[in-house]
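Below you'll find the structure, written out as structure tokens, and then a few comments.
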Amino acid sequence: MTALFDPTFWLRDPVAVARDLIGWELLVNGVGGRIVETEAYHQEDPASHSFSGPTPRNRVMFGPPAHVYVYRSYGVHWCMNLVCGPEGDGAAVLIRALQPTHGLEIMAERRGLADPRGLCSGPGKLCQALAVTREHDGLSAADAPFELRPGHATEIISGPRIGITKAAEKPWRFGEAGSPYVSRPFPKA
DNA sequence: CCAGTGATTCTCT
DNA sequence: GAGAATCACTGGC
């Protein structure tokens with residue numbers, strides 16, 4: 001398993017890591033699917049939580065790569081990131097959507113929804129479907145309850161990130177082309 | 001189909 | 001005290 005957490009993958013720029021994570025498999029306690037949508041954030045990025053330096057909330061972003069940063073969004077949802085880059089860089093990749101492959105029934109129950117397209121098609125939705133909460137903040141993605149395995153996508157597209165007001169023009173959102181499981185369609189090139 | 005909006009809690013200024 | 005890396009629901013066309 002350690003081989004999958006090769007520094008040459010995780011120590012790179014979050015934009016490269018975000019793009020290359022598309023197609024990977026992510027499970028929590030055996031429930032999850034293929035990553036089909038991500039966004040990159042780094043410390044020089046005004047839209048990033050790490051922009052103004054370490055705080056109690058974002059401290060995990062400044063820790064070792066391949067660890068999980070979880071935060072509360074809009075007081076209602078949880079959102080999950082994978083830290084990348086050298087320790088102290090404050091870079092991470094937001095996991096925005098999965099194509100459900102494992103534990104569909106459990107996810108449907110947690111989400112109160114049967115349609116697979118609605119189970120993990122957004123950062124808040126997938127955390128609810130996978131039961132990710134503050135308890136997972138700071139854990140290593142290499143250890144239980146996580147399973148993270150390399151995969152690939154047929155074609156990767158990019159576009160502006162969602163829901164931010166600063167640096168909104170940066171095309172640091174990535175997704176699998178044509179996937180019906182992304183949170184929203186990508187703007188046409 | 002699309003735009004608008006309330007919910008709800010935490011963070012940092 | 002404002003604003004937030006969202007979601008679900010509503011009402012209009």
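Keep in mind it's a predicted model, so treat the numbers as computed, not measured. In what follows, chains are A, B, ... by sequence order, proteins preceding strands, each numbered from 1.
- Distance, A/Met61 CE to C/dA5 P: 11 Å, rounded to whole Å.
- Counting non-hydrogen atoms under 4.0 angstrom, A/Arg173 reaches nothing in the nucleic acid.
- Remark: A/Ser73 is not in phosphate contact with C/dC7, judged by side-chain N or O atoms under 4.0 Å from OP1 or OP2.
- Minimum heavy-atom separation, A/Arg111 to A/Gln128: NH1-OE1, 2.7 Å.
- DNA chain B is contacted by both A/Pro54 and A/His77; A/His77 maps to the nucleotide lying nearer its 5′ end (nearest heavy atom per residue).
- We find that A/Arg96 and A/Glu39 are joined by a salt bridge, their nearest charged nitrogen and carboxylate oxygen being less than 4.0 Å apart.
- Contact between the side-chain N/O atoms of A/Lys166 and the OP1/OP2 oxygens of C/dA5 is not found at any separation under 4.0 Å.
- In 5' to 3' order, the nucleotides of DNA chain B bounding all contacts with chain A (an atom under 4.0 Å from a heavy atom) are B/dA7 to B/dC12.
- Between the side-chain ring of A/Tyr41 and the base of C/dA5, a stacking contact exists by the 5.5 Å and 30° definition.
- Nucleic acid contact class of A/Asn81 (heavy atoms, under 4.0 Å, all strands): base.
- Relative ring orientation between A/Trp10 and A/Phe5 is described as parallel, the plane-to-plane angle staying below 30° on a 0-90° scale split at 30° and 60°.
- Using a 4.0 Å heavy-atom cutoff across all strands shown, A/Thr165 reaches sugar-phosphate atoms only and no base atom.
- One interatomic measurement links the two molecules: NZ of A/Lys125 to P of C/dA5, which rounds to 18 Å at whole-angstrom precision.
- Within the 6.0 Å centre-distance limit, the rings of A/His49 and A/Tyr71 are counted as a close aromatic pair.
- Side chain of A/Leu94, nearest nucleotide from C/dA8, C/dA5, C/dT6: C/dA5.
- When each of A/Ile157, A/Thr38, A/Thr154 is paired with A/Ile22, the side-chain contact (heavy atoms from CB on, under 4.5 Å) condition holds for A/Thr38 and for no other.
- Under the Watson-Crick and G-U wobble criteria, each requiring two contacts below 3.5 Å, nucleotide C/dA4 is paired to B/dT9.
- Distance A/Arg184 CZ to C/dA8 C1': 14 Å, rounded to the nearest Å.
- In this structure, A/Leu113 atom CG and C/dC7 atom C1' are separated by 12 Å, rounded to whole Å.
- Distance alone, capped at 3.5 Å, places no donor-acceptor pair between the A/Asn81 side chain and the A/Val83 backbone.
- Distance, A/Asp45 CG to C/dA5 C1': 10 Å, rounded to whole Å.
- Side-chain N/O atoms of A/Arg96 include one lying less than 4.0 angstrom from OP1 or OP2 on C/dT6.
- A/Glu147 has a carboxylate O that lies under 4.0 Å from a charged side-chain N of A/Arg149, or vice versa, which qualifies the two as a salt bridge.
- Atom CZ of A/Arg72 and atom P of C/dC7 are 14 Å apart (whole Å).
- Here the C1' atom of nucleotide C/dC7 and the CH2 atom of A/Trp78 are 16 Å apart, to the nearest Å.
- In summary, the aromatic rings of A/His42 and A/Phe51 are positioned with their centroids too far apart to meet the 6.0 Å limit.
- Summarising the geometry, the separation between NE2 on A/His49 and C1' on C/dA5 is reported as 5 Å, rounded to the nearest angstrom.
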